[in-house]
Student: 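Below is the structure I would like to discuss, written out as structure tokens.
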Amino acid sequence: MADSLTPGDIKDLPTGFKGNLQVKTSPVVCFGEVLIDFVPTVGGVSLAEAPAFKKAPGGAPANVAVGISRLGGSSAFIGKVGDDEFGYMLVDILKQNNVDCSGVRFDPNARTALAFVTLRADGEREFLFFRHPSADMLLTERELEVKVIEQAQIFHYGSISLIDEPSKSAHLAALKLAKKSGCILSYDPNLRLALWPSPEAARDGIMSIWDQADVVKISEDEITFLTGGDDPYDDNVVLEKLFRPNFKLLIVTEGSQGCRYYTQKFRGRVAGVKANPIDTTGAGDAFVSGILFCLASDPSLFQDEQRLRDALRFANACGAITVMERGAIPALPTKEAVLEMLSNASTV
């Protein structure tokens, strides 16, 4: 495990959760897609206008696994890639970042997924996916590495693996096993409408496993989508339509403005950390890495509002650092970089 925490490190972590931090965190297992993102070599253009593209590793669950490891935590990834050059490249990158890949499978009959993504001049992200079908969609239940899931403290997942069979059945089986094993279930829907057959299918698919989670992270846009157009800034909308009695934590991310949090006992807002953005790709995944790293270190975070706020500020800083460099995985921060930013940071 890279950059493992030592007792000497603990005093440098944000006040509030450092006193309860275990020296070695239990594994966070991330389930879902890993793929190649092709990003234009210049900013502010549509995909059609891009003169050339640069390849980069992508896929939200894989980004989160790398992010946790880079912070000094323990992580594993479960998913499927093609038995091709891109698949081996992605697994090599995960391994180089000390992510356990014993749950990764290679498909000889399907290619590794590709996505072309750009941030246009109007600020909108544009996606074009090549999955017809791609290997990540073909993971089966019998290919699951059961031991990896059973040993996890936190099981983290998105919704993209719910779109098609057999990955949907594999996802549901993994979720059931994780719950039975006592894992904290962490859900980031990571809405990608272009991948779903219709908006209705996306809404139904995302909500089909909503009630099972312990921790949910959503964005303002996802609130609007899931509630059929309601105000994402209205606490009552979140509490009445999205919060569930069994939830330990629901987080609403607000980009550079920070995040809101809702638990059984309290709710509030933590301001963002100021940064000069270059590329917002992976900022949400970095945020998730930060909060799950803290949660793996201190599973009772939900019980103490100050400790939770400190952890969310740590997560906000993870996101802020990531936007200051191009690409998701290259930009994910170390714990030392986060602590340095927090010691010098001003809030939004």
Side-chain angles (χ1 to χ4, degrees), residues 1-18 20-30 34 56-77 90 92-101 153-154 156 186 217 253 256 258-259 270 272-298 301 307 310-347:
M1 189 174 78
D3 300 327
S4 297
L5 293 174
T6 65
D9 293 328
I10 294 175
K11 63 180 174 56
D12 297 323
L13 282 150
T15 307
F17 63 87
K18 63 187 180 185
N20 297 287
L21 195 63
Q22 301 165 9
V23 172
K24 183 177 184 295
T25 60
S26 299
V28 179
V29 173
C30 300
V34 61
N63 291 342
V64 172
V66 172
I68 289 164
S69 179
R70 197 164 292 171
L71 289 168
S74 174
S75 68
F77 176 75
L90 289 170
D92 282 346
I93 289 169
L94 292 176
K95 288 179 176 177
Q96 287 163 17
N97 284 279
N98 299 292
V99 175
D100 177 349
C101 292
Q153 180 181 5
I154 299 170
H156 176 72
S186 166
K217 173 252 163 192
T253 53
S256 63
C259 63
V270 177
V273 179
K274 286 185 178 176
N276 298 314
I278 294 173
D279 178 9
T280 59
T281 305
D285 300 332
F287 176 93
V288 173
S289 300
I291 192 63
L292 293 184
F293 169 73
C294 295
L295 184 57
S297 308
D298 180 7
L301 266 181
R307 294 212 312 275
D310 288 339
L312 290 168
R313 184 160 158 75
F314 183 89
N316 281 345
C318 289
I321 290 172
T322 303
V323 305
M324 295 192 291
E325 190 178 326
R326 290 199 184 278
I329 285 179
L332 292 167
T334 63
K335 175 171 57 67
E336 291 72 25
V338 177
L339 297 176
E340 184 178 350
M341 173 172 247
L342 286 172
S343 67
N344 301 319
S346 56
T347 52

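Quick caveat, the model's predicted, so the values are computed rather than measured.
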Student: The criterion is side chain to side chain donor-acceptor pair (under 3.5 Å); which residues satisfy it with S186, sequence neighbours excluded?
Tutor: H156
Student: Shortest non-hydrogen contact from R307 to D298?
Tutor: NE-OD2, 2.7 Å
Student: Extract all donor-acceptor atom pairs below 3.5 Å that involve side chains of residues 282-296 and protein atoms in other chains or at least two apart in sequence.
Tutor:
| from | atom 1 | to | atom 2 | distance (Å) |
| --- | --- | --- | --- | --- |
| D285 | OD2 | N63 | ND2 | 2.9 |
| S289 | OG | V64 | O | 3.2 |
| S289 | OG | D285 | O | 2.9 |

Student: I need the minimum non-hydrogen distance between A65 and A76, along with the two atoms involved.
Tutor: CB-O, 4.2 Å
Student: Does A331 have any side chain to side chain contact (heavy atoms under 4.5 Å, CB included) partners at least two apart in sequence or in another chain, and if so, which?
Tutor: T322, E325
Student: Measuring from atom SG of C30 to atom CD1 of I154, what distance do you get when rounded to the nearest 0.5 angstrom?
Tutor: 9.0 Å
Student: Got a second to check how far D92's CG is from N97's CG, nearest 0.5 Å?
Tutor: 11.0 Å
Student: To the closest 0.5 Å, what do you measure between CG (L339) and OG1 (T334)?
Tutor: 8.5 Å
Student: Would you name the heavy atoms of V34 and A62 that are closest together and state the gap between them?
Tutor: CG2-CB, 3.6 Å
Student: Dump the intermediate steps for side-chain contact (heavy atoms from CB on, under 4.5 Å) on F77 and L90, then the final yes or no.
Tutor: CA-CA 11 Å; F77 176 75; L90 289 170; over 6 Å; no
Student: Counting distance only, does the side-chain N/O of S343 pair as donor-acceptor with the main-chain N or O of E340 below 3.5 Å?
Tutor: yes
Student: Can you name the closest pair of heavy atoms from R70 and I329 and give their distance?
Tutor: NH1-O, 2.6 Å
Student: Considering non-hydrogen atoms only, spot the tightest contact between C259 and T253 and give its length.
Tutor: CB-CA, 4.2 Å
Student: Looking at every non-hydrogen atom in both residues, tell me the closest pair between A337 and P333 and how far apart they are.
Tutor: CB-CB, 4.4 Å
Student: Quick check for you: to the nearest 0.5 Å, what is the distance between C318 atom SG and M341 atom CE?
Tutor: 10.0 Å
